[in-house]
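Note on naming: letters A, B, ... go to the chains in the order of the sequence lines (proteins, then strands), and numbering restarts at 1 for each one.
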Protein chains: 2
Amino acid sequence: MKHSVIRKKFEEHLRSKNLKFTSQRDRIFELAFQTHQHFTADTLHAWLKKQDGAAVSRATVYRTLHLLEDGGFIESLDTGRGELVYEHVLGHAHHDHLVCMSCGKIEEFRSEEIERLQEQAAASRGFVITSHTLRLEGYCRGCARKQDLSAARQVS
Amino acid sequence: MKHSVIRKKFEEHLRSKNLKFTSQRDRIFELAFQTHQHFTADTLHAWLKKQDGAAVSRATVYRTLHLLEDGGFIESLDTGRGELVYEHVLGHAHHDHLVCMSCGKIEEFRSEEIERLQEQAAASRGFVITSHTLRLEGYCRGCARKQDLSAARQVS
DNA sequence: GTACCTGCAAAAGCTTTGCAAGGTC
DNA sequence: GACCTTGCAAAGCTTTTGCAGGTAC
């Protein structure tokens, strides 16, 4: 999905809920969709502060992130390292995460087969899935090499 | 694994780290392993308070939960409903979770096939997995029926 | 007797909220 | 002009920490 289309959706979303299109919301939306990284509320707040001087208050950052999450524009992810990070999702296929416990890097992956098995496991219990989180924790290629985790690889 | 064996392991663990076996740690350990439910730090603190009067301070509850988690006796799980819950794991096979977003019920399941595919996905990226979290969110059989989510089932 | 522990209360993080001033439509 | 938003500061929550007295071994 093109950025302009997503942006239009955001404006529509606001209008449909009688919410105003403010400069703060605009800037937060743009940052969230420009970055290719996962970010925390605090990181985003810092980015805004660095942008040509005018900071946006923390309260507004939190409020807008909730707004974007409720609207399905972004999703939050608990990394397991004590951080809650966000990522934009509109225009991106669903994916799962590999979190490096050493350097914090987050890689994304997707397996149709896993998705299918999840659905199957849930269905057999009468469970209706609305969403899911699959997070693999460990060490990325670089960090694993540095720490010589070849032994760990065999065990895991 | 029998309770007495697990308990012995706990005592050994304490000894091996030069930690003392105190009545507070004993009570927290026993509660954590007696319950079949998932519990929060606060819930556990409340249970302790109800037990014949003598409360254990919150600080000690938190400290002991960390101790048990570090020792691999319990694991924490973010439910996605804004709660951090614990469950005892020693003597239990690894499993994943189905969390009902309506009633909060947590069901457990395990799929060898999913485990294998996860390992495969990670390995192909040079990633060494140390642990993982798979959480399916949605509605349990009972809640789905109440809310007539048959439509949602077709969509998901 | 020597660590280690506990409880208390204060502190620390992170997030939310009430309110008055300001902006959007 | 009506209503929604923002920023600020205060409040809320959960979790952590410093310290002095208490306890296991």
Participant: On DNA chain C, reading 5' to 3', which nucleotide is the first and which the last to sit with an atom under 4.0 Å from a heavy atom of chain A, could you check?
Facilitator: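 Result: C:dC14 to C:dC25.
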
Participant: So what does B:N18 touch, heavy atoms closer than 4.0 Å: a base, only the sugar-phosphate, or nothing?
Facilitator: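 Sugar-phosphate contact only - B:N18 comes under 4.0 Å of backbone atoms but never of a base.
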
Participant: Is the closest side-chain heavy-atom distance between B:L14 and B:L67 below 4.5 Å?
Facilitator: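 Yes; the side chains approach each other to less than 4.5 Å.
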
Participant: How many whole angstroms separate atom CG of B:L14 from atom P of D:dT23?
Facilitator: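 Checked: the CG to P distance equals 19 Å.
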
Participant: Using 4.0 Å as the upper bound for N to carboxylate O, is an ion pair formed by B:K17 and B:D70?
Facilitator: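 No salt bridge links B:D70 with B:K17.
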
Participant: CG of A:L19 versus C1' of D:dT6: gap in Å, rounded?
Facilitator: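 Rounded to whole Å, this separation is 14 Å.
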
Participant: If the test is ring pair (Phe, Tyr, Trp, His ring centres under 6.0 Å), which one of A:F10, A:F29, A:F33 qualifies with A:H88?
Facilitator: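 The option that passes is A:F33.
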
Participant: Please give, in whole Å, the distance from D:dA24 P to B:K20 NZ?
Facilitator: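 The distance from NZ of B:K20 to P of D:dA24 comes to 10 Å, rounded to the nearest Å.
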
Participant: Hey, which of these two, A:R58 or B:Y62, hits DNA chain D nearer its 5' end, going by closest nucleotide?
Facilitator: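 Here A:R58 is the residue nearer the 5' end.
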
Participant: Using a cut-off of strictly less than 4.0 Å, decide whether A:R25 has a side-chain nitrogen or oxygen near OP1 or OP2 of D:dT6.
Facilitator: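 So the side chain of A:R25 is within the cut-off, an N or O lying under 4.0 Å from OP1 or OP2 of D:dT6.
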
Participant: Could you state the NZ-C1' distance from A:K49 to D:dG7, rounded to the nearest angstrom?
Facilitator: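 Distance check: A:K49 NZ to D:dG7 C1' gives 13 Å.
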
Participant: Is it true that B:F73 and B:L31 fall in one hydrophobic cluster, defined by side-chain heavy atoms closer than 4.5 Å?
Facilitator: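 Yes, same cluster.
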
Participant: Can you check the B:R63 CZ to D:dT14 C1' distance for me, whole Å?
Facilitator: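 Atom CZ in B:R63 sits about 15 Å away from atom C1' in D:dT14.
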
Participant: Run the salt-bridge test on B:E112 and B:R110 with the 4.0 Å N-O cut-off and return the result as yes or no.
Facilitator: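 Salt bridge: yes.
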
Participant: Could you give the CG-to-P distance, from B:L65 to D:dT14, as a whole number of Å?
Facilitator: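 After rounding, the gap between these two atoms is 15 Å.
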
Participant: Taking only N and O in the side chain of B:H66, is any of them less than 4.0 Å away from OP1 or OP2 of D:dT15?
Facilitator: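 So the side-chain polar atoms of B:H66 never come under 4.0 Å of the phosphate oxygens OP1 or OP2 of D:dT15.
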
Participant: What are the two closest non-hydrogen atoms of A:E107 and B:F127, and how far apart are they?
Facilitator: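 Answer, listing the atom of A:E107 first, then B:F127: OE2-CD1, 3.9 Å.
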
Participant: So, does B:T22 get its side chain near the phosphate of D:dT23, meaning an N or O under 4.0 Å from OP1 or OP2?
Facilitator: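 No, no such contact exists.
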
Participant: Look at A:Q24 and D:dG7 and indicate whether a side-chain polar atom (N or O) is within less than 4.0 Å of OP1 or OP2.
Facilitator: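 Yes, within the criterion.
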
Participant: Between B:R7 and B:E11, is the closest basic N to carboxylate O distance under 4.0 Å?
Facilitator: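 Salt bridge between B:E11 and B:R7, a charged N being under 4.0 Å from a carboxylate O: yes.
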
